[in-house]
Amino acid sequence: MMIKSLRRLLTLLVVLMSVSVVMPSYAANEQTSQQMANAEQSTADMWRAVKAGEVGTTAATEVEAGVLINTFGNEGKIIKNDYINPAMMAVVVGVFSIFLIFFLVNGPSKLTKGFSGKMVLRWSRADVILHWGMAISCFALILTGLTIMLGRHIIQPFIGHEAWAFIIHFCKTVHDWVGPVFFVFWAICVLKWMPRQTFKSYDLKWFLVAGGYINFGPFKGKHPHSGYANAGEKMWFWSLAIFGLFICTTGLMLVFPGLALPREVAMIAVLVHGVSAIVIIGFTIVHIWMATALSEGGLECMKSGYCDENWAIQHHDIWYDEIKANGSLKYQD
Ligand code: HEM
């Protein structure tokens with residue numbers, strides 16, 4: 001009897017002890033998983049806020065230091081990658097191909113009366129130097145800029161990792177340093193050449209007959225009036241003046257990190273820089289086609305500063321009549 005009672009007591013003790021051990025650990029488990037759920041929830045909330053661009057707190061004092069992810073930056077990146085980069089590719093390939101086909105079908109615009117052999121002063125030595133300073137720096141910017149913008153798609157897949165790293169570093173360094181050089185040449189050219197670039201009523205006629213460059217149909221043999229600069233050159237000049245201002249301003253904003261711009265402003269600068277580059281590159285391709293292949297005798301102007309007298313009469317008759325009338329016509333010795 002005594003042993004039976006002792007056994008019951010022992011069993012009761014064991015049961016009580018087991019319950020007292022299991023219960024707290026069960027409670028603790030419940031508490032831990034609740035804490036983990038809470039922590040997960042608050043981490044998710046935090047990342048949602050970060051992705052939404054919310055401002056946090058930090059001891060850092062730089063502009064927008066409390067913003068981990070700038071939402072406008074992401075939107076800008078999408079605009080750049082999905083629209084500006086493909087547009088740039090389309091403009092480079094499209095404009096070049098259109099002019100190549102036009103040249104193959106139409107041929108160059110020849111001098112109707114051939115070369116006279118008498119060379120007339122058109123550009124001063126300073127103008128020629130300024131032109132080539134602007135053209136060479138612009139060319140370096142175009143090549144390095146296109147590599148920075150599109151090289152990831154058209155160069156990187158075909159070369160090794162190290163070669164690409166070298167190319168992109170080289171292009172970025174050249175782009176950063178040549179930018180201010182172009183800015184100086186651009187500013188001088190724009191200010192110096194601006195007075196000759198005002199549009200006149202006869203410029204409309206120039207556009208209507210495509211400048212007299214078409215060698216077939218009703219356009220054949222047409223030589224529209226033109227002053228020092230023709231209507232096409234004026235359009236080129238003003239595009240370069242306006243978009244050059246945009247590209248130089250945004251370029252300087254981007255090349256000096258010390259300016260500590262808010263990221264929205266920096267992203268707008270990137271987008272304006274890209275759009276301006278598309279316009280300038282498109283016009284540059286047209287300009288080089290016109291100067292080198294389409295206009296017989298035209299390139300001589302920027303080689304020596306002189307042009308053939310027949311070229312001046314055919315392409316810039318109003319300017320030629322003017323300098324002849326006021327006595328400033330100067331022949332090469
Ligand atoms: C291989 C490259 C280039 C060649 C062969 C070239 C050739 C020429 C020629 C021959 C002229 C004189 C046209 C005339 O007297 O009517 C000229 C004018 C001009 N060029 Fe270029 N150029 C080149 C690149 C550039 C570039 C890259 C720029 C711009 C950054 C540029 C901007 C200008 C401007 C603004 C004018 C004056 C247009 C005017 O108002 O008459 N050129 N170029």
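Both ligands and their constituent atoms are indexed starting at 1 by order of listing.
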(Q) Looking at ligand 1, is there an atom of it that comes within less than 4.0 Å of some heavy atom belonging to Trp319? (A) no

(Q) I'd like to check Leu121 versus Tyr331 (side-chain heavy atoms, cut-off strictly below 4.5 Å). Are they in contact? (A) no

(Q) Check for me: within less than 2.8 Å of atom 21 (Fe) of ligand 1, which protein N/O/S atoms show up? (A) His131 NE2, His287 NE2

Q. Do any nitrogen or oxygen atoms of Arg122 lie less than 3.5 angstrom from nitrogen or oxygen atoms of ligand 1?
A. yes

Q | Ile280, portion touching ligand 1 at heavy-atom distance under 4.0 Å | A | neither

Q | Residue pair Met194 / Trp238, side-chain heavy-atom distance below 4.5 Å | A | yes

(Q) Test your reading of the model: is there a side-chain donor-acceptor pair from Asp308 to the backbone of Ser116, 3.5 Å cut-off? (A) yes

Q.
Just to check, does Trp236 reach to within less than 4.0 Å of ligand 1 when the distance is taken from its heavy atoms?
A. yes

Q) Is any N or O atom of Glu233, backbone or side chain, closer than 3.5 Å to an N or O atom of ligand 1? A) yes

Q) Should His315 be listed as contacting ligand 1, given a heavy-atom distance under 4.0 Å as the test? A) no

Q) Are any of the heavy atoms in Phe283 under 4.0 Å away from ligand 1? A) no

Q) At what distance is the nearest protein heavy atom to atom 36 (C) of ligand 1, and which residue and atom is it? A) Trp193 CZ3, 3.7 Å

(Q) If we set the cut-off at 4.0 Å for heavy atoms, which region of Phe185 has an atom near ligand 1: side chain, backbone, both, or neither? (A) neither

(Q) Strictly distance-based, threshold 3.5 Å: is any side-chain N or O of Lys222 a donor or acceptor partner for the main-chain N or O of Pro218? (A) yes

Q: From the options Phe139, Trp132, Trp289, Phe237, select the one whose nearest heavy atom is closest to atom 3 (C) of ligand 1.
A: Trp132

Q) If only atom types and distance count, is the side chain of His316 paired as donor or acceptor with the main-chain N or O of Tyr228 below 3.5 Å? A) yes

Q: Measure the distances from the heavy atoms of Trp123 to every atom of ligand 1 and state whether one is below 4.0 angstrom.
A: yes

Q) Within 45° of the axis and under 6.0 Å from the centre of the six-membered ring of Trp319, does NZ or CZ of Arg122 qualify? A) yes

(Q) If you count heavy atoms of other groups shown closer than 6.0 angstrom to CZ of Phe207, is the number above 12? (A) yes

Q.
Return the closest protein heavy atom for atom 5 (C) of ligand 1 as residue, atom name and distance.
A. Leu299 CD1, 3.5 Å

Q: Give a yes/no on ligand 1: does Gly298 have at least one heavy atom closer than 4.0 angstrom to it?
A: yes

Q: Could you tell me whether some N/O pair between Gln197 and ligand 1 is separated by less than 3.5 angstrom?
A: yes

